Amino acid sequence: MPIPGPLEFTYISANSLSSPYFSAGFGLMGVGAGLAIFRRGGVVLAGLARRRLLVSLEIPSKDRSYAWFLEWMSVQARTPKSRGISLRSHQLSVETNYTQHDNGSSDVQFSLVPGPGTHWIKYKGTWMQVVRERDSKMLDMTSGTPWETVTLTALSRDRALFPLLLSEARDIATRRQEGKVVIYTAWGAEWKQFGTPRLKRDVNSVVLEKGISERIEKDLISFLNRAKWYSERGIPYRRGYLLYGPPGSGKTSFIQALAGKLSYNICVLNLSQRGLMDDKLTHLLMNAPERSIILLEDVDAAFNKRVQSSSDGYQSSVTFSGLLNALDGVASSEERIIFMTTNHIERLDPALIRPGRVDLQEFIGDATPEQARRLFLRFYGESSMATASTPAEVKEAVGASEEETSSVPSEMRGIPALADELAEIVAARTSTRSVSMASLQGHFIRQSAEDAVRSMDELFTQREESPNDSP
Ligand SMILES: Nc1ncnc2c1ncn2[C@@H]1O[C@H](COP(=O)(O)OP(=O)(O)OP(=O)(O)O)[C@@H](O)[C@H]1O
């Protein structure tokens, strides 16, 4: 095909210009280009306005303030009006938390936090957009949860709003932990808070044989007061405790109560936990959150399971020498308190419990008559009426006349008398049979004082020999 010369080209163009189709097309092109420029200008202007008029803050889920911020939002969702803060949100996620009480009962609380999506919140007179995004492809390797970010964009140039908001969120979180014990568990090589902080448990609510609780507490307090002594002598500042005895005798409960009394938190670690390896264990023991007690539960179980793999072919990867190294590796000047528990001290290698690794060991056994008595009184002896034991006390407590007193229910007439009766029942049987404190607790929760004493027989099981029994 011949290529048109310059003249021909001009001719074609001139011809086309006069064509109505061409001018319409040219016009459309012009409009399109104009729109494109306009759109581009809009984007540039919006970007400029964004930079000049708005401030944004990104909070990744790995940062500690992430949890504080979500909690702060959930508080706003509950009490938006009263605090001059208004939250517009229709996409909510639920976070369910349990609170366990001393007597074994538990409460459930639901917190509604803003779910993934866009939310609007007005804080100190400024509107903010809150975008919570969840990345479906990226995982936070330390927690195994999807990677998330929250981006706050304030319709204001005042960047001081963010630190204000975050410190408010931190204060709320700290206040929630006051008077409570935070439980951490291991997630990979990191410690992660488990559930909501638990109410402190009164140490006296864990009824141990006389002297045990006091001995452990005294030893721990004296250790905590001797930081300087340790550092002056270059001795690693750590202390190990071993509580051993049958299941349900109160070992874990006592450690948790003691931590609460000393305002410590607890890091619970099960050595047979899936995926735990020597290096992770060492890292965990060396990097426990400050002011926390490390609790290694059922230390004997980890090494028994290691011999045979479980049905899914999984084997615990912590080796015995790995555990010893991890315990010894905690040789820094930082304070470390390690409690271990086991049901079978006889299965523990002497190397694990030698002084330096375990400095104090205590046997926590099944209920003695005295413990049973004290636990009974804790359950049924709290009101003045229930503790009345002499006829005169009963009369005063129930406001009854002498004759009427005989019709007062028997548990009101003499809780201490019933407690003595219970102690006698336990004493009469403990040479051959035993009852755990956990079973007693369950028994008392279910029934009245009198019924509890009457039906004690069903609770006893064949007694296992305690390591403290003389041959
Ligand atoms: N000595 C005790 N005084 C009061 N309550 C107790 C006592 N022992 C156990 N309980 C109750 O029994 C339950 C189980 O107790 P806990 O878990 O502390 O026992 P444990 O000795 O650690 O058991 P395991 O060896 O199986 O871990 C708890 O609810 C606790 O309140």
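We number each residue from 1, following the sequence as shown. Here the structure is a predicted model, which is why all the values come from computation and not from measurement.
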Note to self: Please tell me whether K251 and S249 have a donor and an acceptor in their side chains that are separated by less than 3.5 angstrom.
What the structure shows: yes
Nearest 0.5 angstrom please: [X] [atom1] to [Y] [atom2], how far?
X	Y	atom1	atom2	result
L281	H283	CG	NE2	11.5 Å
L284	I294	CG	CD1	8.5 Å
I221	R226	CD1	CZ	14.0 Å
L327	R354	CG	CZ	9.5 Å
L295	I183	CG	CD1	8.5 Å
D349	L352	CG	CG	7.0 Å

Next item on the list: Evaluate the ring pair (Phe, Tyr, Trp, His ring centres under 6.0 Å) criterion for residues W72 and Y123: first the C-alpha distance (whole Å), next the side-chain angles of each, then the deciding distance (0.1 Å), finally the verdict.
Entry: CA-CA 12 Å; W72 181 86; Y123 176 67; 5.5 Å; yes
4.5 Å side-chain heavy-atom contact, [X] and [Y]:
X	Y	result
S61	T149	no
L296	T341	no
E217	L220	no
F460	S434	no
F254	S213	yes
M340	Y241	no
F223	K218	no
L348	V299	yes

Next item on the list: Starting from the C-alpha separation in whole Å, work towards a yes-or-no answer on side chain to side chain contact (heavy atoms under 4.5 Å, CB included) for R134 and E148.
Entry: CA-CA 4 Å; R134 183 171 291 164; E148 288 193 4; 2.6 Å; yes
Can you check whether [Y]'s main-chain N or O pairs, donor with acceptor, with [X]'s side chain at less than 3.5 Å?
X	Y	result
E58	P60	no
H119	V130	no
R374	L208	yes
S74	E71	yes
R429	I425	yes
E190	W187	no
Q273	A186	yes
T368	Q371	yes
D359	P355	no
K200	G260	yes

Next item on the list: Evaluate the criterion side chain to side chain contact (heavy atoms under 4.5 Å, CB included) for residue pair L418 and Y380; output intermediate values, then yes/no.
Entry: CA-CA 10 Å; L418 281 171; Y380 301 106; over 6 Å; no
Looking only at non-hydrogen atoms, find the nearest pair between [X] and [Y] and report the distance.
X	Y	answer
M437	V207	CE-O, 3.5 Å
W229	I235	CZ3-CD1, 3.7 Å
T153	S56	OG1-CB, 3.8 Å
L360	R215	CD2-O, 4.4 Å
N287	W191	O-CD1, 3.4 Å
P246	F363	CD-CE1, 4.0 Å

Check: Could you go step by step and tell me if Y184 and I266 meet the side chain to side chain contact (heavy atoms under 4.5 Å, CB included) rule?
Finding: CA-CA 6 Å; Y184 296 93; I266 298 224; over 6 Å; no
State whether the number of non-hydrogen atoms from other residues, nucleotides or ligands found under 6.0 Å of [X] atom [atom1] is greater than 12.
X	atom1	result
F194	CZ	no
K261	NZ	no
E458	CD	yes
R159	CZ	no

Next item on the list: Determine, stepwise, if the pair E421 / R454 fulfils salt bridge (Lys or Arg N to Asp or Glu O under 4.0 Å).
Entry: CA-CA 9 Å; E421 199 181 316; R454 300 282 163 259; 2.5 Å; yes
Checklist line | Trace of the side chain to side chain donor-acceptor pair (under 3.5 Å) decision for N265 with S292 | finding: CA-CA 4 Å; N265 296 317; S292 55; over 6 Å; no
Next item on the list: Anything under 30° is parallel, anything over 60° is perpendicular, the rest tilted; go ahead and classify F376 against F444.
Entry: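 Rings of F376 and F444: perpendicular, over 60°.
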Notebook entry, point to check: Which one of L243, V268, V206 satisfies the side-chain contact (heavy atoms from CB on, under 4.5 Å) criterion with I255?
Noted result: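 Testing each of L243, V268, V206 against I255, the sole residue satisfying side-chain contact (heavy atoms from CB on, under 4.5 Å) is L243.
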Next item on the list: Please assess D366 against S436 for the test side chain to side chain donor-acceptor pair (under 3.5 Å), listing each intermediate value before the final yes or no.
Entry: CA-CA 5 Å; D366 279 331; S436 74; 4.9 Å; no
Note to self: Run the side chain to side chain contact (heavy atoms under 4.5 Å, CB included) test on R132 and T151 for me, step by step, so that the C-alpha distance in whole Å, both residues' side-chain angles and the decisive distance to 0.1 Å come before the verdict.
What the structure shows: CA-CA 7 Å; R132 182 175 173 190; T151 309; over 6 Å; no
Check: Among T252, T342, N270, which one satisfies side chain to side chain donor-acceptor pair (under 3.5 Å) with E297?
Finding: T252
Checklist line | Audit row: K280, T282, side chain to side chain donor-acceptor pair (under 3.5 Å) steps and yes/no | finding: CA-CA 5 Å; K280 281 189 189 162; T282 307; over 6 Å; no
Margin query: Between the side chains of R238 and E335, is the shortest nitrogen-to-carboxylate-oxygen separation below 4.0 Å, so that they form an ion pair?
Written below: no
Margin query: Please determine whether a side-chain nitrogen of the Lys or Arg among D451 and R446 lies less than 4.0 Å from a carboxylate oxygen of the Asp or Glu.
Written below: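 Salt bridge absent between D451 and R446.
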